[in-house]
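Presented below is the structure to which this report refers.
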Amino acid sequence: MKPLPASATALPFTVGDAPVLVSHALCPYVQRASIVLAEKGVAFQRVDIDLAHKPDWFTALSPLGKTPMLLLREGDGVTALFESAVICDYLDETRAPALHPAAPLARARHRAWVEVASATLNTIWQLYTARDDAAFDTARRALRQRAVQLDAELAARGPGPWFAGAAFSLVDAAFAPVWRYFEVIDPIIDTGVFAELPQLAAWRDALARRGSVREAVRSDYPQRLREFIVRQGGVLGQRAQALAV
Ligand SMILES: N[C@@H](CCC(=O)N[C@@H](CS)C(=O)NCC(=O)O)C(=O)O
């Protein structure tokens, strides 16, 4: 694939030696890429866009019109990478330290758990867009089941603090944004998703304190997420609004 000439993309910023992470303030998939860049000590520029009004340059470069998109300088041109798992894998193949296991089978298993994190994000979406109590409870139960499953997986894997023990991995980067949602959701409606799951509690806690995880969102993230949830107008949004007045 030939990189696009920089002049053809009409970007409102310059892609220099540091890659550009095209982002949305609340996007959990962007957080994955941001965490991985930070873990690898790669300096990057973050450009936030409004997904409700996608800029033309973004639509031209992004086949699926989704964040994250990573823009990389290649010679005189710019190459756009999309899909968070692909971006993370590319970064892992090109920058140390490795965040995937070296053995192909263990690496494949880790990639599968990244998929589990994506599926969990879809269920969280169902939770905060649920229009009635039954839909909310269906999503809540599915998330509880997932949490129980992960707690058992962590117990089987042995001591942490990370998913794969002492080494932070791409699975950690994929799940950190998943658990972060509940820092905003649970104070609105206590979902009970994490009740009595000690391994999972310890993992969540370690992730929440990791520098790369903390820096993956701006300081106003909780407030923005709460406002976004209110705008959804679902069960959770209505409760959030009621609590705010
Ligand atoms: N599978 C994609 C999902 C990315 C995604 O869903 N991004 C959302 C924001 S969090 C998006 O850009 N939505 C805009 C749209 O679908 O039009 C990935 O892993 O990168």
Pairs where residues 175-193 contributes a residue and the test side chain to side chain donor-acceptor pair (under 3.5 Å) is met, not counting sequence neighbours | Gln31-Arg180, Asp186-Thr191
Out of curiosity, Met69 CE to Ile49 CD1, how far, rounded to the nearest 0.5 Å?
-> 7.0 Å
Any side chain to side chain donor-acceptor pair (under 3.5 Å) pairs touching residues 227-239, not counting sequence neighbours?
-> Gln223-Glu227
Could you label the plane-to-plane angle of the Phe228 and Trp125 rings as parallel, tilted or perpendicular, counting under 30° as parallel and over 60° as perpendicular?
-> tilted
Would you find more than 12 non-hydrogen atoms of other residues, nucleotides or ligands less than 6.0 Å from Phe44 atom CZ?
-> yes
Atom CZ of Arg157 with >12 non-hydrogen neighbours under 6.0 angstrom = yes
Separation of Leu150 CG from Trp113 CH2 (nearest 0.5 Å) | 5.0 Å
May I ask you to decide whether Arg111 forms a salt bridge with Glu115, counting only side-chain N to carboxylate O separations under 4.0 Å?
-> no
Any side-chain heavy-atom pair from Ile189 and Val235 closer than 4.5 angstrom?
-> yes
Could you tell me if the ring centre of Phe194 sits under 6.0 Å from that of Trp203?
-> no
Heavy-atom closest pair (Thr123 atom, Ala142 atom, distance to 0.1 Å) is CG2-CB, 3.8 Å
Which atom pair, heavy atoms only, marks the closest approach of Val20 to Thr14?
-> CG2-O, 4.2 Å
Minimal heavy-atom distance between Ala43 and Ala18, with the atoms involved, is O-CB, 3.4 Å
Does one hydrophobic cluster hold both Leu91 and Leu99, with members joined at side-chain heavy-atom distances below 4.5 Å?
-> yes
Is it the case that more than 12 heavy atoms not belonging to Asp17 sit under 6.0 Å from its CG atom?
-> no
Point-to-point distance, once rounded to the nearest 0.5 Å, from SG of Cys88 to CZ of Arg32 = 7.0 Å
If we only count heavy atoms from C-beta on, is the Asp151 to Glu196 side-chain gap below 4.5 Å?
-> no
For Asp56, does the CG atom have more than 12 heavy-atom neighbours from other residues, nucleotides or ligands under 6.0 Å away?
-> no
If we only count heavy atoms from C-beta on, is the Leu72 to Leu81 side-chain gap below 4.5 Å?
-> yes
Hey, does the side chain of Ser62 reach the backbone of Phe58 with a donor-acceptor pair shorter than 3.5 angstrom?
-> no
Heavy-atom nearest pair, Ile124 first then Leu143, reads CG1-CD2, 3.8 Å
side-chain hydrogen bond (donor to acceptor under 3.5 Å, both in side chains) against Glu83, all qualifying residues, sequence neighbours excluded | none
Centroid-centroid under 6.0 Å between Phe175 and Phe163 rings = no
Arg46 and Val30, any side-chain heavy atoms less than 4.5 Å apart = yes
Closest approach of Pro19 to Leu70 (non-hydrogen atoms, all atoms of both residues) = CB-CD1, 3.9 Å
Are Val86 and Leu61 connected, step by step, through hydrophobic side chains (Ile, Leu, Val, Met, Phe, Trp, Tyr) whose heavy atoms are closer than 4.5 Å?
-> no
His110 versus Leu170: any side-chain heavy-atom pair under 4.5 Å?
-> no
For the residue pair Tyr221 and Leu26, establish whether any side-chain heavy-atom pair is separated by less than 4.5 Å.
-> yes
Does the side chain of Asp48 reach to within under 4.5 Å of the side chain of Ser23, using non-hydrogen atoms?
-> yes
d(Gln45 CD, Leu71 CG) to nearest 0.5 Å is 9.5 Å
Calculate, to the nearest 0.5 Å, the distance between atoms CZ and CZ belonging to Arg204 and Arg209 respectively.
-> 12.5 Å
Spell out, yes or no, whether Tyr29 and Phe82 are grouped together once hydrophobic residues are joined by side-chain heavy atoms under 4.5 Å, including indirect joins.
-> no
Do Val184 and Phe182 have side chains that get closer than 4.5 Å, going by heavy atoms?
-> no
Just by modelled atom types, is the Val78 backbone N or O under 3.5 Å from a matching donor or acceptor in the Arg73 side chain?
-> no
When every non-hydrogen atom of Ser219 is compared with those of Pro222, the smallest separation belongs to O-CD, 3.5 Å
Look at Asp172 together with Arg210 and state whether they make a salt bridge at an N to O cut-off of under 4.0 Å.
-> no
For the side chain of Ser169 and the backbone of Val171, is there at least one donor-acceptor N/O pair under 3.5 Å apart?
-> yes
Calculate, to the nearest 0.5 Å, the distance between atoms CD and CD belonging to Gln199 and Glu153 respectively.
-> 11.5 Å
